[in-house]
Amino acid sequence: MMKPRLLVVELHHLGDAVLSVPFVRGAARTFEVHVLCRPAAEEIYRLCARPVKVHAWEPPWADEARAGALSVLKAVRSRGRALRAPQFDAAVCAWADARVSVLIAETRASRRVGFPMTRGNYYAADAPWRRRRLVAGRLIEAAWKISHPGVPLLTHPLHRASGAQPHLRCWEQLAEATGISCDCTVPWFEPAPPSGTVEEFCRDAHRRGQQVLAFHAEARLPSKQWPHERWKELIGSPAVSDRFAVMELIPPGAAPSGTAGAFSVQTPSVAVLISALAASDAVLCHDSLPAHLAAALGKPVVSIFGAGEPDWFAPWRNRERVVQQRVCPLHPCIDRCGMDQYVCLERISVGDVLRKVENFPRVP
């Protein structure tokens, strides 16, 4: 018997894609799941334990200022129409984004479940540039209502319960509205065996009575990057080096930080990164992809937050291990800093992070 078809739209970044995985896993039991994501996120969904069909598309958001809002909306509608062929029974998105709602509506899915662009649904609505986007989104919603009388963008609009609601809860709301349950059973991904060198490093550490601490000192944006010199000071401190064997995870295009005593592991793909994280006992990183992957593998993870809001995007079940200093009057700025320096990151001391690391559970 053919399963009903479900389209999941997740056009944000890699860490956001990881947060959608429990929904995708749960949905795959009932639906033939299709995911529309950015090309960089394809690997996330291809590594899911249950098979899904991935449609890669780079949304034109980044070129909106140059191409113009109308051109972007035209591209969005065209992409939605191109997805009509599978005849989706339902389509969902966890973000309040009118452009995505238009895309979903253009697929002609029977059930269209998502979050309209209300102030309560839109993250960081008080930031000036976010307010402008919120107004633009409302205009798009209003234009659709006028041009398509009787055809709602979303057949089942949802609303966040509070401003502090974690983003994963939005996926749970979508699951409830589509009659499924999110599958948060760890691990969310089935890791491949680690490389021989990683396996040997971890085995030797455990023989010495040390735990393996994996750290990832790079961030995608400057507004998330804790100063490199503080990373070196932290990893080199006796409180870390005495208890942990330290493994540095190096993303594509980056060089080793030169942190003394760290074992360097190149991670050219998400699969290799997952494998290395799975071999570790604890993880230390920024508000980033490795944080969400580590949580998805059931690892304790300390994450350093700058511009982001941990109430929304802390790694799953690791909110209490977030390191943050709420000192900026513009927080959360969602990656567009309005200050002359990143005060949110500058105020985080080595001691602040070390206190969280010292509270990692001890593995016998």
**Student:** With a 4.5 Å cut-off on side-chain heavy atoms, are Gln165 and Glu172 touching?
**Tutor:** no

**Student:** Out of curiosity, does Leu36 fall in the hydrophobic cluster containing Val100 (side-chain heavy atoms, cut-off under 4.5 Å, transitive links)?
**Tutor:**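 Yes, Val100 and Leu36 fall within the same hydrophobic cluster.
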
**Student:** Shortest non-hydrogen contact from Ile250 to Ser264?
**Tutor:** CD1-CB, 3.6 Å

**Student:** Given 3.5 Å as the limit, does a donor-acceptor pair link the side chain of Asn121 with the main chain of Thr118, or not?
**Tutor:** no

**Student:** Thr259 side chain to Ala262 main-chain N or O, any donor-acceptor pair under 3.5 Å?
**Tutor:**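 Answer holds: no.
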
**Student:** Counting distance only, does the side-chain N/O of Lys53 pair as donor-acceptor with the main-chain N or O of Val35 below 3.5 Å?
**Tutor:** no

**Student:** State whether the number of non-hydrogen atoms from other residues, nucleotides or ligands found under 6.0 Å of Lys74 atom NZ is greater than 12.
**Tutor:**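 Incorrect, the count does not exceed 12.
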
**Student:** Given side-chain hydrogen bond (donor to acceptor under 3.5 Å, both in side chains), test Gln210 with Arg243 step by step and report yes or no.
**Tutor:** CA-CA 6 Å; Gln210 289 184 304; Arg243 177 181 169 187; over 6 Å; no

**Student:** Would you check if Arg38 and Glu10 make a side-chain contact, meaning some heavy-atom pair closer than 4.5 Å?
**Tutor:**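 Sidechains of Glu10 and Arg38: no contact.
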
**Student:** Calculate, to the nearest 0.5 Å, the distance between atoms CD and CG belonging to Glu199 and Asp204 respectively.
**Tutor:** 10.5 Å

**Student:** Salt bridge or not between Glu346 and Arg230? Use side-chain N to carboxylate O under 4.0 Å.
**Tutor:** yes

**Student:** Does atom CZ of Arg131 have more than 12 heavy-atom neighbours from other groups under 6.0 Å away?
**Tutor:** yes

**Student:** Do Val52 and Leu174 share a hydrophobic cluster (ILVMFWY, side-chain heavy atoms under 4.5 Å, transitive)?
**Tutor:** yes

**Student:** In this structure, would Val322 and Val18 fall into the same cluster of hydrophobic residues linked by side-chain contacts under 4.5 Å?
**Tutor:** no

**Student:** Minimum heavy-atom separation for Cys184 and Pro22, please, with both atom names.
**Tutor:**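 For Cys184 versus Pro22, the nearest heavy atoms are SG-CB, 3.7 Å.
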
**Student:** Assess the pair His292 and Trp316: is the distance between their ring centroids shorter than 6.0 Å?
**Tutor:** no

**Student:** Would Glu218 and Lys224 count as a salt bridge (charged side-chain N to carboxylate O under 4.0 Å, His left out) here? Give the steps.
**Tutor:** CA-CA 9 Å; Glu218 301 298 324; Lys224 295 186 176 186; over 6 Å; no

**Student:** Ile334 and Ala124: which non-hydrogen atoms are nearest, and at how many Å?
**Tutor:**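 Looking at all heavy atoms of both residues, the shortest contact is CG1-CB, 3.3 Å.
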
**Student:** Would you say the side chain of Tyr123 lies within less than 4.5 Å of the side chain of Glu309, judging by non-hydrogen atoms?
**Tutor:** no

**Student:** Tell me if a side-chain donor or acceptor on Asp281 pairs with a main-chain N or O of Gln211 at a distance below 3.5 Å.
**Tutor:**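 Side chain of Asp281 to backbone of Gln211, a donor-acceptor pair under 3.5 Å: no, none is there.
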
**Student:** Kindly compute the distance separating CG (Leu19) from SG (Cys170), expressed to the nearest 0.5 Å.
**Tutor:** 10.0 Å

**Student:** Should the pair Phe201 and Phe263 be assigned to parallel (<30°), tilted (30 to 60°) or perpendicular (>60°) ring geometry?
**Tutor:** parallel

**Student:** Show the atom names and distances, to 0.1 Å, of all donor-acceptor pairs under 3.5 Å that link a side chain in residues 270-278 to residues at least two apart or in another chain.
**Tutor:**
{"unit_1": "Ser275", "atom_1": "OG", "unit_2": "Ala192", "atom_2": "O", "d": "3.0"}
{"unit_1": "Ser275", "atom_1": "OG", "unit_2": "Pro193", "atom_2": "O", "d": "3.2"}

**Student:** Do the side chains of Leu7 and Phe31 get nearer than 4.5 Å, heavy atoms only?
**Tutor:**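 A side-chain contact is absent here, since even the closest heavy-atom pair is not under 4.5 Å.
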
**Student:** Do Trp144 side-chain atoms and Val151 backbone N/O form a donor-acceptor pair below 3.5 Å?
**Tutor:**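 Yes; at least one donor-acceptor contact below 3.5 Å.
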
**Student:** Please evaluate residues Ser269 and Glu43 with respect to the criterion side chain to side chain contact (heavy atoms under 4.5 Å, CB included), reporting the C-alpha separation (whole Å), side-chain torsions for both, the decisive distance (0.1 Å), and the verdict.
**Tutor:** CA-CA 8 Å; Ser269 68; Glu43 192 177 4; 3.6 Å; yes

**Student:** Could you check Val76 against Trp57 for side chain to side chain contact (heavy atoms under 4.5 Å, CB included), going step by step and ending with a plain yes or no?
**Tutor:** CA-CA 10 Å; Val76 166; Trp57 183 57; 4.1 Å; yes

**Student:** Can you tell me how far CH2 of Trp188 sits from SG of Cys182, rounded to the nearest 0.5 angstrom?
**Tutor:**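 One finds 9.0 Å between SG of Cys182 and CH2 of Trp188.
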
**Student:** What residues form a side chain to side chain donor-acceptor pair (under 3.5 Å) with Trp312, not counting sequence neighbours?
**Tutor:**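 By the side chain to side chain donor-acceptor pair (under 3.5 Å) rule, Trp312 matches no residue at all.
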
**Student:** Within this structure, what is the SG-CD distance for the pair Cys37 and Glu58, rounded to the nearest 0.5 Å?
**Tutor:**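 It is 10.0 Å, given to the nearest 0.5 Å.
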
**Student:** Find out whether Pro290 and Leu293 are in side-chain contact, i.e. whether some heavy atom of one side chain is under 4.5 Å from a heavy atom of the other.
**Tutor:** no

**Student:** Return the minimal non-hydrogen interatomic distance between Leu134 and Ala125, and the atom names on each side.
**Tutor:**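 Shortest heavy-atom separation between Leu134 and Ala125 comes out as CD2-CB, 4.3 Å.
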
**Student:** Do Lys356 and Glu320 sit within salt-bridge range, that is, some charged N less than 4.0 Å from a carboxylate O?
**Tutor:**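 Salt bridge between Lys356 and Glu320, a charged N being under 4.0 Å from a carboxylate O: no.
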
**Student:** Check whether more than 12 heavy atoms from other residues, nucleotides or ligands sit under 6.0 Å from atom CD of Gln87, and answer yes or no.
**Tutor:**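 Not more than 12 within 6.0 Å, no.
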
**Student:** Hey, are Gln324 and His331 close enough side-chain-wise for a donor-acceptor pair under 3.5 Å?
**Tutor:** yes

**Student:** Does CZ in Arg317 sit with more than 12 non-hydrogen atoms of other residues, nucleotides or ligands closer than 6.0 Å?
**Tutor:**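 Counting neighbours around CZ of Arg317, 12 or fewer heavy atoms of other residues, nucleotides or ligands fall under 6.0 Å, so no.
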
**Student:** Any idea how Trp171 and His167 line up, ring-wise: parallel (<30°), tilted (30 to 60°), or perpendicular (>60°)?
**Tutor:** perpendicular

**Student:** To the nearest 0.5 Å, tell me how far Cys93 SG sits from Leu11 CG.
**Tutor:** 7.0 Å

**Student:** Ignoring hydrogens and angles, tell me if any N or O in the side chain of Asn318 forms a donor-acceptor pair with the backbone of Ala314 under 3.5 Å.
**Tutor:**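 Checking the backbone N and O of Ala314 against the side chain of Asn318, no donor-acceptor pair under 3.5 Å is found.
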
**Student:** Are the side chain of Arg326 and the backbone of Cys344 linked by a donor-acceptor contact shorter than 3.5 Å?
**Tutor:** no

**Student:** Is Val92 reachable from Phe88 through a run of I, L, V, M, F, W or Y residues, each pair having side-chain heavy atoms under 4.5 Å apart?
**Tutor:** no

**Student:** Looking at side-chain heavy atoms only, is the closest gap between Val301 and Arg321 below 4.5 Å?
**Tutor:**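 Side-chain contact under 4.5 Å: no.
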
**Student:** If you measure from the Lys or Arg side-chain nitrogens to the Asp or Glu carboxylate oxygens, is any gap between Arg112 and Glu106 under 4.0 Å?
**Tutor:**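 Salt bridge flag = no for Glu106 with Arg112.
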
**Student:** For the pair Asp97 and Phe115, evaluate side chain to side chain contact (heavy atoms under 4.5 Å, CB included) and give the outcome as yes or no after the intermediate values.
**Tutor:** CA-CA 8 Å; Asp97 189 329; Phe115 295 82; over 6 Å; no

**Student:** Donor-acceptor check, side chain of Gln225 to backbone of Ala219, threshold 3.5 angstrom: yes or no?
**Tutor:** yes

**Student:** Can you establish whether the number of heavy atoms outside Arg108 located under 6.0 Å from its atom CZ is more than 12?
**Tutor:**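 At most 12 heavy atoms, drawn from other residues, nucleotides or ligands, come within 6.0 Å of this atom.
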
**Student:** So that I can tick it off, tell me whether Asp352 and Arg347 are bridged by a salt bridge, with the cut-off set at under 4.0 angstrom between side-chain N and carboxylate O.
**Tutor:**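 Between Asp352 and Arg347 there is no salt bridge, as every charged N stays at least 4.0 Å from the carboxylate O atoms.
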
**Student:** Would you compute the distance between atom CD of Glu176 and atom OG1 of Thr178 and round it to the nearest 0.5 angstrom?
**Tutor:**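 So the CD of Glu176 and the OG1 of Thr178 are separated by 9.0 Å.
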
**Student:** Determine, using ring centers only, whether His286 and His216 are less than 6.0 Å apart.
**Tutor:**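 Not close enough - the centres of the two rings lie 6.0 Å or further apart.
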
**Student:** Go through it in stages, so that I can follow the logic: the residues are His34 and Glu32, the test is side chain to side chain contact (heavy atoms under 4.5 Å, CB included), and I'd like the CA-CA distance, side-chain angles, deciding distance and then a yes or no.
**Tutor:** CA-CA 7 Å; His34 295 241; Glu32 175 187 297; 2.7 Å; yes

**Student:** With ILVMFWY side chains joined below 4.5 Å, transitively, what does Trp231's cluster contain besides itself?
**Tutor:** Leu213, Phe215, Trp226, Leu234, Ile235, Val240, Phe244, Val246, Leu284, Val302, Ile304, Val323, Tyr342, Leu345, Ile348, Val350, Val353, Leu354, Val357, Phe360

**Student:** For a 4.5 angstrom cut-off between non-hydrogen side-chain atoms, does Leu168 reach Phe23?
**Tutor:**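 No. Closest side-chain heavy atoms not under 4.5 Å.
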
**Student:** Any ion pair linking Glu42 and Arg46 (charged N to carboxylate O, less than 4.0 Å)?
**Tutor:** yes

**Student:** Hey, any chance Val54 and Phe189 share a hydrophobic cluster, counting ILVMFWY side chains that come within less than 4.5 Å of each other, even indirectly?
**Tutor:**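 Val54 clusters together with Phe189.
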
**Student:** Can you find a heavy atom in the side chain of Arg79 that is under 4.5 Å from one in the side chain of His55?
**Tutor:**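 Side chain of Arg79 against side chain of His55, heavy atoms only: contact under 4.5 Å found.
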
